[in-house]
Amino acid sequence: MTAQPPLPVAMALDAVPLGLAGSMVKDGTGGAVYLHGQVAFSWDAGDEAGRRWAAVKLAAMKAAGVGEIAAVFDVTPSTVWLWKQLLAEGGIVALVPEKKGPKKASRLTDTVITRIVELRRSGLSQQAVGNAVGVSEFSVRRALKIAAEQATTDAAETTATEGVPEVLEPAPAQQFELPLLPAPAPRTAERAAAGLLEGAAPVFSRSAHGRHAGLFLAFPALETTGLLACARQVYGALPNGFYGLETILIDSVLRALAGEARAEGATRFDPVELGRVLGLDRAPEVKTIRRRISQLAETGKAGELITALAKHHLAGTGPDGGNLAAILYVDGHVRAYQGTKKVGKIYSTRLKFPVPATEETWVTDAHGAPVFVVMAAPGASLAAELRDLLPELRTAIGDERRVLVGFDRGGWSPALFKHMDAAGFDVLSWRKGTTKDIEEKLFTVVSHTDAHGQTRKWSVADTLVDLPLATTKKTGEVFNIRQISRIVGTTGGGTRQIHILTTDRDLSAGELVYRMGNRWRQENQFRYARMHFELDSHDSYSSSDDNEDRMVPNPAKAKAYQKVVAARNAHAEAAAIAETNLMALKSPAEGSKELLVTVTSAMHNQAMAPLWEAENTLIAAEKAHKKIPAKLRLGELNPGQQVLDTETKMIHTGIRMAAYNTAMTIAREIRTNTGYRRANQEAHALMRQMFNQTGDIDTTEPGHLTITLDPLPTTAKTVAAAELCAHLTSTKTRYPGTSLILKYAIKTKAPALIN
C-alpha cells in the first residue's frame, strides 16, 4: 500500500493549539475542536451547554491539561472542574446556564444605612443590628462598608478647609501608577569601574510595594547619632569599590533595625529588595560585608570611632532639653564565648558561674542610651577600669565640667572616690559591706518629680561619713563623703538600711535616690540589645596570644586563704569551748560545801588542749598562705591562653550603638509626637512593625524622595504612623550621599466606624 501522510493537527490557519494533538477554532458562528485533524466537538453561537460539554469531555479524555483547556476556553481551571461536577450530577441539562432575571431594588437605602450605623455604634452585634432592621448580617457588613467609603470621600472633600495634615490624605492618584517591583536601575558601568570609585552613589527607581520601605523611617534618627559623619571623620573612606563606607554602615544599621544585626543576617534578605532602600541594584552580601569591615579593622581606629560617637552624643541635648553629659552610668558587661579557643574565664552574674568570656566597660547617659565602650583588660576590676576610663571620658565630654558618674558596688574603692573627686567627677554608688545603722530620728520624707511629671517619695537620712582609705590605714587618713540612707523591707518581713554614697553636695536627696535607681536603665539597655541587636555576638572569631608575662591572681592563694578562714573559725569555736571548760573547773560541784576548788596543771592542760591544737593549725595555715605568691605569670599558670580580636568587634559595637539610639529615638517620637493611646506600652513593638512595613518609592517630585507606606493592620496604628510621618517629614532629612529630601506619607484605609 502507498503510505498516507498524517493529517495536520489543525485544519484551519487560525486554530489555537490544544495539547499535543488538538486545536480549537472559534468565531462568531460558534466553535470546533480538532483532534488529529478531525472534528471531535463543535457548537453553535449561543450554545453554552455544548461549549461546556466539549471542555469537560476534553478534560476527561486528557487531550490536554485542565489548565490549558481552561485557558483556551477563557475560564479558570476551577470552572472546568465545576462543569464536570454539574455534568456528573445532572447531565448535560445541568450545563445550561441559568437565565438571569430582573434584580430587586436594594433594601440598603440611605435611611437604612444610617440606621444600621447608629445601631452598630450603640454596641449591638452585627446579627442583632440585622434583626432589628430586617436584613441579613452580610447586608449589615456591606452597609457599614458603604458608610465608611462615604466617610472617606467626605473627609477628602473637606481636607482643605479643616486643615487636616497632608499625610492623613489618601495617597495621590499617580502613586497607584508606580510600577510594581520593577527591575532596579542597572549599575553595570559602575560595577565594571569599581576599582576607580570610592563608592557607588544611590540611585532610586520608582516602585510600588517595596518590601523594606519602612526602613526609610530610620534615616532622620540615624542622622542624629552621627555615625556616618564620625566614620567619615575617622576613616575617611574605604578602599575603592562599588560599596562605599556610607553604604556598608547604612546597610548594617538597617539590618540591625530589621532584626539581623550580624553579617550572616544578610542571607535572610533579598539583596534586590534591600538594595531599593540603599539606592543600589542589590545590597552587599555576607562576604562583601566581612571584607569591607575587615578593611576598616586593619586601620586600628575603632577606638577613635567610639570616642567620636561619644563626643557627638554628649554634645547634644536630651529629649527633655537636659545636658546628656551631666549624668553618666558605668558598668561592666560579660560576653560569654562558646568556641573552642582557650579564652580566660570571667564570672558572669547573669549565668551565675565563671565562663570563658571577654568583658566590656560601657558608659550610658541618664536615659540609658549607650555613649562609650572600651574592652576591659583581662581580669581587671570595675574600680581599675573606672580609673583608666576617666581620661577618655574627659576627652569625650570636651570640657572641665563636673559629671556625676553612677556605678554599682563592683567599683567600690574609697581611694577611687577620692581620685574621681579630684579629677572633676562626682561619685554615685552603693556603700559596700556592713556599717552602723543611722538613727531613725534623722530620717525625713523627700520627693522627686521626673520629666514625665511622676512624683516619688522616700524616707531618707542625709549625712556625712568618713571612709578609711585602704592605702593609709596606718595613718588613719579618711575621705569625707555624703551618704544618703534609706530603710527598705526584707524578704522575711523585717527592715534594713541601704546607703548611697556621693561626692555631689548640690543635688537634692530625692534626686540622688532617683538617679541611683535609674542605673537600671543600663541593665535594660544590655537586655534589649541582646534580644534585638545581637549585642553578645562575636562578629570575628580571630584571636591572638595573650601576654604570658602578665601577672594574674594565683588560684592557690585563694584556696590557702579559705583554709586560713576555716582555721580561724575553728580557733574561735575552740576558744569558746576552752572557756566553758575552765569555768566548769573553777566552779564548785553542785551541792558541795567546799568553797575552794583546786585546779591542777593536768586539768588545765586538758581543758586548753583543743584551743592549743586549733591555734597551731591556724598558725600553720597563715604561714602556708603567706608563702604562696599572690600573683603568677600567665605563662606559668595558663600557657597558651588567647584573647579574641577586639577591633572588628568594636566597629560592630559602634554600629549597634547607632542602631540602638536610632530605635530609641523613633520609639520616643511615637510616644511624644503621636496620639497613639498605648504608646507607652507598645512604642517599640509599633516601631518594629513600621520598620518592616511595605511601601512605595516615588522620585517624581524634583529634589525629594517620597516614601508612602502601606496601611498598618489597624486604623489606630495607621493614624499613629501618619502622625510620625508628618513629624519626620518636617525634619527635612537628606538621604545620605544625595541631595534628595525625604518625605513620608502612608496610605490610609477607610476610617473605622466601629471599634
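The structure presented is a predicted model; accordingly, all values stated were derived computationally and were not measured.
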Item to check | Asn240 side chain vs Gly195 backbone, donor-acceptor pair below 3.5 Å | outcome: yes
Checklist outcome for this item: Minimal heavy-atom distance between Asp251 and Ala283, with the atoms involved, is OD1-CB, 4.1 Å
Checklist outcome for this item: Here the pair of heavy atoms bringing Ala310 nearest to Val371 is CB-O, 3.3 Å
Next on the checklist: For Lys418, is the NZ atom crowded, meaning more than 12 foreign heavy atoms sit under 6.0 Å from it?
Outcome noted: no
Checklist outcome for this item: Shortest non-hydrogen pair, Ala423 vs Leu390, comes out as CB-CD1, 4.4 Å
Next on the checklist: Tell me which one of Glu264, Arg656, Arg335, Arg530 satisfies side chain to side chain donor-acceptor pair (under 3.5 Å) with Ser537.
Outcome noted: Arg656
Checklist entry - What are the two closest heavy atoms between Pro202 and Pro736, and how far apart are they? => result CG-O, 3.7 Å
Checklist entry - Ser429 side chain to Phe407 main-chain N or O, any donor-acceptor pair under 3.5 Å? => result yes
Item to check | Whether Lys342 side chain and Pro639 backbone form a donor-acceptor pair below 3.5 Å | outcome: yes
Checklist entry - Passes salt bridge (Lys or Arg N to Asp or Glu O under 4.0 Å), Glu622 versus Arg568? Steps please. => result CA-CA 10 Å; Glu622 289 177 341; Arg568 286 174 180 171; 3.6 Å; yes
Checklist entry - In terms of ring plane angle, is the pair Trp362 and Phe526 parallel, tilted or perpendicular, where the classes change at 30° and 60°? => result perpendicular
Item to check | Steps toward side chain to side chain donor-acceptor pair (under 3.5 Å) verdict (Arg486, Gln497) | outcome: CA-CA 5 Å; Arg486 287 183 57 205; Gln497 291 186 10; over 6 Å; no
Checklist entry - Taking Ile655 as the fixed residue, which of Leu249, Leu309, Ile248, Ile250 is the one that meets the side chain to side chain contact (heavy atoms under 4.5 Å, CB included) rule? => result Leu249
Next on the checklist: Please check: side-chain N/O of His538 versus main-chain N/O of Ala336, any donor-acceptor pairing under 3.5 Å?
Outcome noted: yes
Checklist entry - Roughly how far, to the nearest 0.5 Å, is OG of Ser252 from CD1 of Ile293? => result 5.0 Å
Checklist entry - What class does the angle between the rings of Tyr541 and Tyr337 fall in, given that below 30° is parallel, 30 to 60° is tilted and above 60° is perpendicular? => result tilted
Item to check | Donor-acceptor under 3.5 Å (Asp504 side chain, Leu507 main chain) | outcome: yes
Next on the checklist: Does Arg191 qualify as a cation-pi partner of Phe242, given the criterion of NZ or CZ under 6.0 Å from the six-membered ring centre and within 45 degrees of its axis?
Outcome noted: yes
Checklist entry - If you look only at pairs with a residue in residues 392-408, which of them pass as a side chain to side chain donor-acceptor pair (under 3.5 Å), with sequence neighbours excluded? => result Asn323-Arg401, Asp399-Arg401, Arg402-Asp421, Arg402-Asp426
Next on the checklist: Within a 6.0 Å radius of atom CH2 on Trp612, are there more than 12 heavy atoms belonging to other residues, nucleotides or ligands?
Outcome noted: yes
Next on the checklist: Just to verify, what does His499 make a ring-ring contact (aromatic ring centres under 6.0 Å, His included) with, not counting sequence neighbours?
Outcome noted: none
Next on the checklist: Donor-acceptor pair, distance only, cut-off 3.5 Å: does the side chain of Thr502 make one with the backbone of Val427?
Outcome noted: yes
Next on the checklist: Using the rule given for salt bridge (Lys or Arg N to Asp or Glu O under 4.0 Å), can you reason through Glu534 versus Arg262, listing the C-alpha separation, both sets of side-chain angles and the distance that settles it, and then say yes or no?
Outcome noted: CA-CA 7 Å; Glu534 302 284 354; Arg262 301 177 66 206; 5.2 Å; no
Item to check | Closest non-hydrogen atom pair between Leu512 and Arg482, with its separation | outcome: CD1-NH1, 3.5 Å
Checklist entry - Looking just at side-chain N and O atoms, do Glu359 and Thr361 make a donor-acceptor pair shorter than 3.5 Å? => result no
Checklist entry - Any side-chain donor-acceptor pair under 3.5 Å between Arg521 and Asn524? => result no
Checklist entry - If you measure from CD on Glu511 to CG on Leu404, what distance do you get to the nearest 0.5 Å? => result 8.5 Å
Checklist entry - Angle class for the His212/Phe269 ring planes (parallel below 30°, perpendicular above 60°, tilted otherwise)? => result tilted
Next on the checklist: Looking at Lys563, I'd like to know if its NZ atom is crowded, meaning that more than 12 non-hydrogen atoms belonging to other residues, nucleotides or ligands lie closer than 6.0 Å.
Outcome noted: no
Next on the checklist: Before you tell me yes or no, could you show the steps for Asp536 and Arg350 under salt bridge (Lys or Arg N to Asp or Glu O under 4.0 Å), namely the whole-Å CA-CA distance, both residues' side-chain angles and the distance that decides it to 0.1 Å?
Outcome noted: CA-CA 13 Å; Asp536 287 347; Arg350 183 169 62 91; 3.6 Å; yes
Checklist entry - If you look at every heavy atom in Leu274 and Arg255, which pair is closest and at what distance? => result CD2-CG, 4.0 Å
Checklist entry - Centres of the Phe372 and His313 rings: under 6.0 Å? => result no
Checklist entry - In terms of the angle between their ring planes, are Tyr660 and Tyr528 parallel, tilted or perpendicular, with boundaries placed at 30° and 60°? => result perpendicular
Checklist entry - Phe417 and Trp412: aromatic ring centres closer than 6.0 Å? => result yes
Checklist entry - When the ring planes of His625 and Tyr561 are compared, do they come out parallel, tilted or perpendicular, using 30° and 60° as the limits? => result tilted
Next on the checklist: Taking His571's backbone N and O only, do any of them form a donor-acceptor pair with Glu615's side chain (distance below 3.5 Å, no angle check)?
Outcome noted: no
Item to check | Leu467/Val478 under side-chain contact (heavy atoms from CB on, under 4.5 Å): CA gap, chis, key distance, verdict | outcome: CA-CA 5 Å; Leu467 299 180; Val478 296; over 6 Å; no
Checklist entry - Between Asn638 and Gln641, is a side chain to side chain donor-acceptor pair (under 3.5 Å) present by the stated rule, with each step listed? => result CA-CA 6 Å; Asn638 197 7; Gln641 182 169 297; 2.7 Å; yes
